[in-house]
There are 4 protein chains.
Amino acid sequence: MPEAPESPAPGPGTRRPGGRTARTRAAVRDAVLAGLVEHGYPGLTVEYVAEHSGVHKTTLYRRWGSLEGLLADALDLAGEDNWTPPDTGSLEGDLRALAREVVASFTDPVTSVSGSAIIAAAFQSRQAADALSAYYEERFKRCEPLVQRAVERGELPAAREGGIDAGALSRAACAPLFFRLFITREPVDERTADQAAAAAVAAAHAGVFTPARDEERVASASGAKETGTHTQP
Amino acid sequence: MPEAPESPAPGPGTRRPGGRTARTRAAVRDAVLAGLVEHGYPGLTVEYVAEHSGVHKTTLYRRWGSLEGLLADALDLAGEDNWTPPDTGSLEGDLRALAREVVASFTDPVTSVSGSAIIAAAFQSRQAADALSAYYEERFKRCEPLVQRAVERGELPAAREGGIDAGALSRAACAPLFFRLFITREPVDERTADQAAAAAVAAAHAGVFTPARDEERVASASGAKETGTHTQP
Amino acid sequence: MPEAPESPAPGPGTRRPGGRTARTRAAVRDAVLAGLVEHGYPGLTVEYVAEHSGVHKTTLYRRWGSLEGLLADALDLAGEDNWTPPDTGSLEGDLRALAREVVASFTDPVTSVSGSAIIAAAFQSRQAADALSAYYEERFKRCEPLVQRAVERGELPAAREGGIDAGALSRAACAPLFFRLFITREPVDERTADQAAAAAVAAAHAGVFTPARDEERVASASGAKETGTHTQP
Amino acid sequence: MPEAPESPAPGPGTRRPGGRTARTRAAVRDAVLAGLVEHGYPGLTVEYVAEHSGVHKTTLYRRWGSLEGLLADALDLAGEDNWTPPDTGSLEGDLRALAREVVASFTDPVTSVSGSAIIAAAFQSRQAADALSAYYEERFKRCEPLVQRAVERGELPAAREGGIDAGALSRAACAPLFFRLFITREPVDERTADQAAAAAVAAAHAGVFTPARDEERVASASGAKETGTHTQP
DNA sequence: TGTTAACCGAGACGGTACGTCGCGTCTTTCT
DNA sequence: AGAAAGACGCGACGTACCGTCTCGGTTAACA
């Protein structure tokens, strides 16, 4: 992959990306993912990556700066697939499928490890957080056609006044799953996925994700002022 | 709270919980929280706790086993407040207030630190994860009266066939916020909170959280089988 | 060796010198000397000492601070022998023997290594320099009886006016050897040693090392002021 | 000195010594000396020389092989001055002046640095040692006229049987100073210098440096056999 | 006057050792 | 007997400098 327009590290390794440099980069990314699967994020060490990639520790620091950089780069790689949202013929079907995909990927013992490892990493590394943020931004952008199709099918009211917020709708279908998986750490299954999808559809039908109408709704907010902390230890 | 019925570490420190032991435990918990605020979870060290609590490192290991134990114990403490859900007179108002509390507590630079630190800790420590899970379980249990009031007010259909799932409803109102805060790491404000509350209410009205009817809904699920990974790097 | 009143490092390892601490110290000193013999000073590494002494690198730094400290400590050990100056029955004989000892010890391939290593170390470490200085101070102090005997034998004029400077005399006998060994790096043999001894004796007879007369001699110095540098690259 | 007849490195840089090559070499030598003054020998790095000379690191290795070569080359430069020994009109005066020069050059904080740095370097580099050796050889050769004048003045007995060893005499006057400066690391001042000069003169008068008589003296050596090590740690 | 070989600048890299941090264990000493 | 105090083994950190290599670009000697 001689082309690599995105700049993971501004320092070395970006000026002469031919030959060895590129091979090195790929090896490193593989090692990072392998390390995540093997030990999880907290157990991932630079030295492990060095050993398993055949790239010397010093070089890793030179080019990626730190573990954070390594992870961010690995995430870039992960984002470069050609995933497309499901297309089942109905909005609820699509969202269900989407939600079930989430559940499946984080339930499967193999794939879940590296995924949650990166989410964990985002808590400790600005760089990883940014990479993760970009990753999901991209994912949900790819979901827009899903909503578009629903509008075309007439399942959602034609968006006269600004259109429906496709991103918000997709997020709504996934949010409860991630919440349960990584915050409250409750068990999730397909039932949970289906419920999340159903809730999102219901909210969409109620116009919650229609920006223009949102204005009206917000206007009626009673602006409760609380000082207590609810969901925070 | 002189005695500690729940046993964080079964070994020493549980036999003679009077006097010094109790004082020690409190000091340790304070130090843990202070450490979290100061350095975040990844920067929290046993040695820091030892210094700031006046309890020797060796003792910390004897009684709490490791950092995980220290955190879990501190979480127990955090859960022992007398928080109650908001009561604004309407279901949507209550949920909005609830959601805004979440946003406020994780937006405030002071309170957000220790909160997200513990969530981060849960990724690296089984013990912390369990403690966090219990914490949220308790919180959402306390939200049941909120839903109950709505039913009594007639805002929600009387729960003839098993009643509404209060926990699911409350979670639905909070999930999108946590999702954006800690997974996709998008900016969150009161508008987001209001939208989340509205979506939850809409879903509730549509009967999504009514178990009995849930059966029916699930029955219509087309059981899409996907192998791709959607939301996972 | 439970006693060890001299404090090589003020930090750890000095408070509780019982048992392990003492054993550790001896092992480390052996490893240091072995390292010097094997690689010379520039090739001596802390990691080598760690491996060959069985004491962990971290501990070495904790107790000795750095390579310098390790060397200084090893020097202390070396100084703790019971060397006494030769006693051949005549001043010149004694000085010859002394000078030949020097030549022998730095000519022998085995013993010379660690010796010159420490001299080399003194160039790079204040601590090693101090230790070396103390070592020679002690050695030459032990030579005083040698001169004393010569006075008693009548070989040297009775020291009426302040006595002869025993240290200066002994140093005079050794200086040319060290000079040739380590500065000009010329070959040195027993002939050189004998010449140095003879020169020292001649100077002593001429009263060069008799402080009181020194005053007179110095008075006649013409105080040449030169700006050029003679012996310095 | 455009061309460089002596070959520090037989490889590159010797075939086309015109223009840039010569300029480069001078710049490098300056940088080496500057580095010595700034950080001392142990702190002198190839990278420093590269930066401060404007010559790339790779080139330094190509032409000088290593730090040692750089130093040896710099020493060659230092030896190429037109120093001559003092001429005060008397042997002792000359030697005093000589000795005081030594003291002065190694006492002055500016000039002493690079001088002792090179002596230190000789401990770690064969090449530097050879260069240093040659340097002093040359210096003491230049001192021969000094002794010659004394003979002509009648201060020293006419050298009938092989003449006096001028080199040994000059060395004798300097040795105690270097010994104290770099071995025992005692303070030295002009008094020390004068004493050294006086001792050398006395020894010379006693015929110590007259080779022919040396034979006789050595014959009387009693060949003491010692096993202890005197001056060596 | 071109060619061509020697040389140089630039940058990345594998590698050794550094000196430090924090962990978790152990021993010793106090009370 | 439990706790305080300290030393230690241990693994990993992030850095400095080493010496090597590859890649272009320049330059000087020679055809």
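Numbered from 1 within each chain, the chains take letters A, B, ... in sequence-line order.
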No-H, no-angle donor-acceptor pair, B/Lys57 side chain to E/dG24 base, under 3.5 Å: yes
Interatomic distance, B/Leu60 CG vs E/dT25 C1' [rounded to whole Å]: 14 Å
Counterpart residues, side chain to side chain contact (heavy atoms under 4.5 Å, CB included), relative to B/Ser66 (two or more places apart): B/Glu68
C/Gln127 and C/Leu71, any side-chain heavy atoms less than 4.5 Å apart: no
Plane angle bin for A/Tyr48 and A/His39 - parallel if under 30°, tilted between 30 and 60°, otherwise perpendicular: perpendicular
Out of F/dC8, E/dC23, F/dT22, whichever nucleotide has its closest atom nearest the side chain of C/Arg63: F/dC8
Contact residues, residues 39-55 of chain C to DNA chain F [heavy atom, < 4.0 Å]: C/Gly54, C/Val55
Side chain of C/Thr58 - closest among F/dG11, E/dG24, E/dT16: F/dG11
Shortest side-chain distance from C/Arg62, nucleotide among F/dT20, F/dG9, E/dG9: F/dG9
Proximity to the side chain of A/His56 - top-ranked nucleotide from E/dC8, E/dC13, E/dG15: E/dG15
Residue pair A/Phe123, B/Tyr41: steps toward the ring pair (Phe, Tyr, Trp, His ring centres under 6.0 Å) verdict: CA-CA 9 Å; A/Phe123 279 88; B/Tyr41 175 73; 9.7 Å; no
Identified side-chain contact (heavy atoms from CB on, under 4.5 Å) counterpart of D/Leu44 within the set D/Leu33, D/Leu70, D/Leu36: D/Leu36
Side chain to side chain donor-acceptor pair (under 3.5 Å) partners of B/Asp30, counting only residues at least two apart: none
B/Tyr61 OH - E/dT25 P separation (whole Å): 8 Å
Presence of B/Thr59 side-chain N/O under 4.0 Å of F/dA4 phosphate oxygens OP1/OP2: yes
Rounded distance in Å - CG (C/Leu67) to P (E/dG19): 7 Å
